[in-house]
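The structure under discussion appears below in the form of structure tokens.
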Amino acid sequence: MTYVSDLQNLLPSVLLIWLMNFMSCLSEGDLNTTNAGYYMANESYSDYSFTWDYDGYPELCVKESNRQFRRWFMPTFYSVICFLGLTGNLLVILTFFYFKRLKTMTDVFLLNLSFADLLFALSLPFWAANSMTEWLLGLLVCKVIHTIYKVSFYSSMFILSFISVERYFVIAKAVSAHRYRTQAVFLSKVSSAVIWVMALLFSIPEMRYTTINNRTCTPYSSSSDKLRISIQASQIVLAFALPLLVMSVCYSSIVQKLYQARGFERNKAIKVILAVVAVFLICQVPYNLVLFLNTVVTAKGGSLDCNFENRLLYAEDVTQCLAFLRCCLNPFVYAFIGVKFRNDVLKLLKKLGCMSQERFFKYTCDRRRSSGATDTETTTTFSP
């Protein structure tokens, strides 16, 4: 019994020693096997698995150069356009109210055009700040500023179309227009109210979806391509194609009518019409072409050419500033060219102390000598 008991006590110790030696040998063998397997697997992995094909993956398009360009280009040109737009349109508005010039349809339309361009110019400092740094004024202010910008944009385009229609009836259909002369001012006020309502209605989609994306106030999210396509397409049709069609039809008919007349006044009126059309085309055509190209690229799912995307962004920024120039050119094209209106502006400047009496008489006398008896005493830019 003693021998059996000692054997039972000794057996666990022997088994434990044998088990430790076996594990040690096994560890050395496994280590060698593992190392050999590792080198074999590594050799196989390097032969077959380390060659990745990245051609199917889109590369990240870096647009930092465009951001740097916007930080100085947009604020500079927006500031210049804002200053000129405020100065010119405020002069038109003050002249209208000081001399109580709302006597014709053109007067009413020009006043509304100046208000639209003035609101448009007032929104530009916010967009200049938006291009320089992140938007800090909150979502509500973002929506309000973008709504003001869009309403003034659409209303100015519609007013330009209505001015061309009004000039068509006054010049090409003078007999018919004379019958409604007493109702003309009332009709122009109703038409202006309709224009502002239409501009507000067409701005509702952008007003609704305007958001702050990547700390920037934008009319749509960067991921909503369908929304972006619809917004840009509607802007091209309503704010460019439609006004261009109306102005082309009306002004071409006016030019045909004027060619039947005689004298210097006919040539002067035609030159003014050409100036009106040229300003519209130069300011609006480049930007809308770039906007159309941008819409097509977005509809196709974007572009894989990073250089093309950057060039498109540069073109959009430059042509947009060119399009914004219209808010400071409209007063000169539609109002200041008219002789009577120009004289009223000079009178207002003299009364405000911005022009001396001698310079006023010198300027007005020189104008009368150069134009003689051909100057028309009208508020419009090209009345015969």
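Closest approach of Ala121 and Pro125 over heavy atoms only: O-CD, 3.4 Å. What you find for Tyr78 and Ala128 is that their closest heavy atoms are CD2-N, 3.5 Å. In terms of heavy atoms, Thr106 sits closest to Arg167 at OG1-NH2, 3.3 Å. Taking all atoms of both residues into account, the shortest heavy-atom contact from Met157 to Ala239 is SD-O, 3.2 Å. Shown here for Pro219 and His146, the closest heavy-atom pair between the two residues is CB-NE2, 3.4 Å. Closest non-hydrogen pair, Thr319 versus Ala315, comes out as OG1-O, 2.6 Å.
Within the 4.5 Å cutoff, the side chain of Leu119 has no heavy atoms near those of the Val151 side chain. Under the 4.5 Å side-chain criterion, counting only non-hydrogen atoms from C-beta, Asn130 is in contact with Thr216. Ile145 is not listed as a side-chain neighbour of Thr210, based on a closest heavy-atom distance of 4.5 Å or more. Side-chain contact between Leu160 and Val246 is absent, with no heavy-atom pair separated by less than 4.5 Å. The shortest distance between side-chain heavy atoms of Ile93 and Leu111 falls below 4.5 Å. Between Leu118 and Leu86 the shortest side-chain heavy-atom distance falls below 4.5 Å. By the 4.5 Å heavy-atom criterion applied to side chains, Lys351 and Tyr98 are counted as neighbours. Residues Gln235 and Tyr154 form a side-chain contact, since some pair of their non-hydrogen atoms from C-beta on lies under 4.5 Å apart.
Here Leu245 is tied into one hydrophobic group with Val249, each link being a pair of ILVMFWY side chains closer than 4.5 Å. Annotation for Met132: hydrophobic cluster partners, listed by chain and number, are none (ILVMFWY side-chain heavy atoms under 4.5 Å, direct or chained).
By the 30° and 60° cut-offs, the orientation of the rings of Phe120 relative to Phe324 is perpendicular. Ring-plane geometry between Phe69 and Trp72 is classed as perpendicular, the angle between the planes exceeding 60 degrees on a 0 to 90 degree scale with a lower cut at 30.
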Practice problem: Please test Phe202 against Phe158 for side chain to side chain contact (heavy atoms under 4.5 Å, CB included), starting from the C-alpha separation and ending with a verdict. | Solution: CA-CA 12 Å; Phe202 290 136; Phe158 296 155; 3.6 Å; yes

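In this structure, the side chain of Asn89 engages the main chain of Cys327 through a donor-acceptor pair within 3.5 Å. Not a single donor-acceptor pair under 3.5 Å links the side chain of Asn310 to the backbone N or O of Asn307. In this structure, Ser155 contributes its side chain and Ser152 its backbone to a donor-acceptor pair below 3.5 Å.
Follow the hydrophobic side-chain contacts under 4.5 Å out from Phe162 and you reach Met198 in the same cluster. Residue Met74 is grouped with residue Leu122 when hydrophobic side chains (ILVMFWY) are merged at heavy-atom distances under 4.5 angstrom, including chains of intermediate members. Note: the hydrophobic cluster containing Phe115 also contains Phe332 (ILVMFWY, side chain heavy atoms under 4.5 Å, direct or indirect links).
Each salt bridge (charged side-chain N to carboxylate O under 4.0 Å, His left out) pair with one or both residues in residues 307-331, not counting sequence neighbours, appears once here: Lys63-Glu309, Arg70-Asp317, Asp117-Arg326. Residues in residues 143-162 take part in these salt bridge (charged side-chain N to carboxylate O under 4.0 Å, His left out) pairs, two or more places apart or across chains: Lys150-Glu206. The salt bridge (charged side-chain N to carboxylate O under 4.0 Å, His left out) contacts involving residues 272-297 comprise nothing, where partners must be two or more places apart or lie in separate chains. Applying the side chain to side chain donor-acceptor pair (under 3.5 Å) test to residues at least two apart or on different chains, the pairs with a partner in residues 190-203 are Asn112-Ser192, Asn112-Trp196. For residues 189-204, there are no salt bridge (charged side-chain N to carboxylate O under 4.0 Å, His left out) pairs, not counting sequence neighbours.
Contacts of Arg67 classified as salt bridge (charged side-chain N to carboxylate O under 4.0 Å, His left out), with partners at least two apart in sequence or in another chain: Glu64. In this structure, the disulfide (SG to SG under 2.5 Å) partners of Cys142, at least two apart in sequence or on a different chain, are Cys217. For Phe99, the ring pair (Phe, Tyr, Trp, His ring centres under 6.0 Å) test picks out no residue, with sequence neighbours left out.
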Considering only distance and modelled atom types, tabulate donor-acceptor pairs under 3.5 Å from the side chains of residues 275-292, sequence neighbours left out.
from   : atom 1 : to     : atom 2 : distance (Å)
Asn288 : ND2    : Gln284 : O      : 2.7

Show every donor-acceptor pair shorter than 3.5 Å between a side-chain atom in residues 134-141 and any protein atom, with sequence neighbours excluded, or say none if there are none.
from   : atom 1 : to     : atom 2 : distance (Å)
Glu134 : OE1    : Arg215 : NH1    : 3.1
Trp135 : NE1    : Gly138 : O      : 2.9

